[in-house]
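Working notes, beginning with the structure itself.
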Amino acid sequence: MPVSAASPQAVLARYRAAMLAMDADALAELYAPDGVHEFPFRFPGFPARYEGREAVRAGYGAAWAASPARPAEVEEVALHLTDDPEVLVVEQVVRGELAGGRGAFAVPGLLVLRVRDGLLVHVRDYMDGLAVSGARPN
C-alpha cells in the first residue's frame with residue numbers, strides 16, 4: 001500500500017529529518033497547534049511534556065542550542081503498525097557525535113506517534129535517560 005504525504009510513516013520521515021537537522025521550526029510544524037509531546041522516562045534537563053506546537057518549538061530549540069550532541073543518523077530497529085491507523089510505534093537508536101571531538105553517542109528509544117490529518121497530535125518519547133546523560137557535558 002502506498003504511503004500518503006499525511007500518513008504516520010511520512011510524518012515519521014519528516015520528524016527524523018527535522019531531528020537530524022536540529023531544526024526546531026521544521027519539527028514544530030509537524031505538530032498540531034495543540035499537539036502534545038511527552039517524555040514518560042524523565043531525566044535531568046527535560047520537562048515531562050511540551051504542550052502545543054510553540055512549546056515544542058521553544059523547548060527543542062533551547063535544548064539543541066545547549067547540547068553538544070550532534071545526531072548523525074537514526075537506526076530504525078523496528079516499525080510497528082497498529083490496528084489504529086493514526087498510531088505508529090517505532091523502536092530506534094539515534095547515533096551521533098559530541099561537539100569538540102568528545103566522542104560518539106547512541107540513544108536507544110521508542111516513539112509512539114499519533115498522526116491525525118497529517119499532523120502529530122500526540123507523541124510519547126521513551127528515551128534511555130542514561131544514554132542521554134552520556135550525550136551531555138558533565
Side-chain angles (χ1 to χ4, degrees):
M1 164 165 79
V3 175
S4 78
S7 74
Q9 295 94 321
V11 173
L12 173 63
R14 292 193 307 272
Y15 177 94
R16 286 179 173 159
M19 288 285 184
L20 291 173
M22 298 176 69
D23 185 338
D25 291 324
L27 181 66
E29 293 307 314
L30 296 174
Y31 285 77
D34 60 349
V36 173
H37 189 117
E38 293 182 305
F39 301 97
F41 295 161
R42 299 293 311 279
F43 53 92
F46 271 75
R49 63 194 287 141
Y50 295 131
E51 293 188 34
R53 176 185 291 156
E54 296 312 314
V56 169
R57 185 185 321 274
Y60 270 98
W64 286 334
S67 175
R70 301 294 176 252
E73 69 172 314
V74 178
E75 174 193 347
E76 185 174 287
V77 176
L79 175 66
H80 305 279
L81 303 178
T82 69
D83 290 339
D84 184 334
E86 293 184 342
V87 177
L88 191 63
V89 179
V90 183
E91 298 174 56
Q92 63 184 27
V93 179
V94 177
R95 299 180 194 284
E97 297 289 327
L98 297 175
R102 291 186 276 172
F105 69 86
V107 177
L110 182 130
L111 293 172
V112 180
L113 307 173
R114 178 172 293 277
V115 176
R116 186 173 298 134
D117 299 324
L119 294 171
L120 292 163
V121 294
H122 195 208
V123 175
R124 284 195 187 96
D125 194 343
Y126 298 89
M127 288 185 280
D128 179 341
L130 290 175
V132 170
S133 295
R136 298 170 47 141
N138 295 332

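From a predicted model like this one, the values you see are computed outputs, not experimental measurements. Side-chain atoms are counted along with the backbone in the values below, which use heavy atoms only and exclude waters and symmetry mates. In this chain, numbering begins with 1 at the start of the sequence shown.
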**Study point:** Set of salt bridge (charged side-chain N to carboxylate O under 4.0 Å, His left out) partners for D84, sequence neighbours left out
**Key:** R114

Practice item. Could you tell me which residues satisfy ring pair (Phe, Tyr, Trp, His ring centres under 6.0 Å) with Y15, sequence neighbours excluded, listed by chain and number? Key: none

Point to revise | Residue list, side-chain contact (heavy atoms from CB on, under 4.5 Å) with L119, at least two apart or on another chain | key: A32, R53

Check your understanding: Listed by chain and number, what are the salt bridge (charged side-chain N to carboxylate O under 4.0 Å, His left out) partners of E97, not counting sequence neighbours?
Key -> none

Exercise for review: Hey, could you give me the CG/CZ distance between D25 and R57, rounded to the nearest 0.5 Å?
Suggested key: 5.0 Å

Practice item. For D23, check salt bridge (charged side-chain N to carboxylate O under 4.0 Å, His left out) against everything at least two apart and list the hits. Key: none

Check your understanding: Taking only residues two or more places apart in sequence, or in another chain, which ones meet V93 in a side-chain contact (heavy atoms from CB on, under 4.5 Å)?
Key -> E75, V77, R95, A106, P108

Exercise for review: Provide the full list of ring-ring contact (aromatic ring centres under 6.0 Å, His included) pairs with a residue in residues 75-95, sequence neighbours left out, each pair given once.
Suggested key: none

Point to revise | Point-to-point distance, once rounded to the nearest 0.5 Å, from NE2 of H122 to CG of D34 | key: 11.0 Å

Point to revise | Spacing of H37 atom NE2 and R124 atom CZ [to the nearest 0.5 Å] | key: 11.5 Å

Study note, to complete from the structure: What one should report as the nearest heavy-atom pair of D125 and P40 is O-CD, 3.5 Å

**Study point:** Distance-minimising heavy-atom pair for P8 and P85
**Key:** CG-O, 3.4 Å

Check your understanding: Do the non-hydrogen side-chain atoms of L120 and V11 ever get within less than 4.5 Å of each other?
Key -> yes

Review point. Among the clusters formed by ILVMFWY side chains lying less than 4.5 Å apart, do L110 and V74 turn up in the same one?
Key: no

Check your understanding: Applying the side chain to side chain contact (heavy atoms under 4.5 Å, CB included) test to V112, which of V87, V90, T82 qualifies?
Key -> V87

**Study point:** Side chains of P68 and R102 in contact at under 4.5 Å (non-hydrogen atoms)
**Key:** yes

Study note, to complete from the structure: Scanning both residues in full, the closest heavy-atom pair of R42 with F39 reads CD-O, 3.5 Å

Check your understanding: Going by heavy atoms in the side chains, are L12 and L79 under 4.5 Å from each other?
Key -> yes

Practice item. Could you list the residues that satisfy side-chain contact (heavy atoms from CB on, under 4.5 Å) with F41, not counting sequence neighbours? Key: Y126

Exercise for review: Taking all heavy atoms of W64 and all of L27, pick out the closest pair and write down the distance.
Suggested key: CH2-CD2, 3.9 Å

Point to revise | Common cluster, V107/V89, ILVMFWY with side-chain heavy-atom separation under 4.5 Å | key: no

Check your understanding: Aromatic ring centroids of Y50 and Y31 under 6.0 Å?
Key -> no

Practice item. Would you give the length of the straight line joining atom CE of M19 to atom CG of L30, rounded to the nearest 0.5 angstrom? Key: 9.0 Å

Review point. Which pair of heavy atoms, one from M22 and one from P71, lies closest together, and at what distance?
Key: SD-CD, 3.5 Å

Exercise for review: Not counting sequence neighbours, which residues clear salt bridge (charged side-chain N to carboxylate O under 4.0 Å, His left out) with R49? List them please.
Suggested key: E38, E51

Review point. Going by side-chain heavy atoms closer than 4.5 Å, which hydrophobic residues are tied to V121, directly or by a chain of links?
Key: none

Revision key, fill the gap. Excluding V36, membership of its hydrophobic cluster (Ile, Leu, Val, Met, Phe, Trp, Tyr; side-chain heavy atoms within less than 4.5 Å) reads none

Review point. Should L81 and L88 count as side-chain neighbours, where that means a heavy-atom distance under 4.5 Å?
Key: yes

Point to revise | Results of side chain to side chain donor-acceptor pair (under 3.5 Å) for R116 - residues two or more places apart only | key: E86

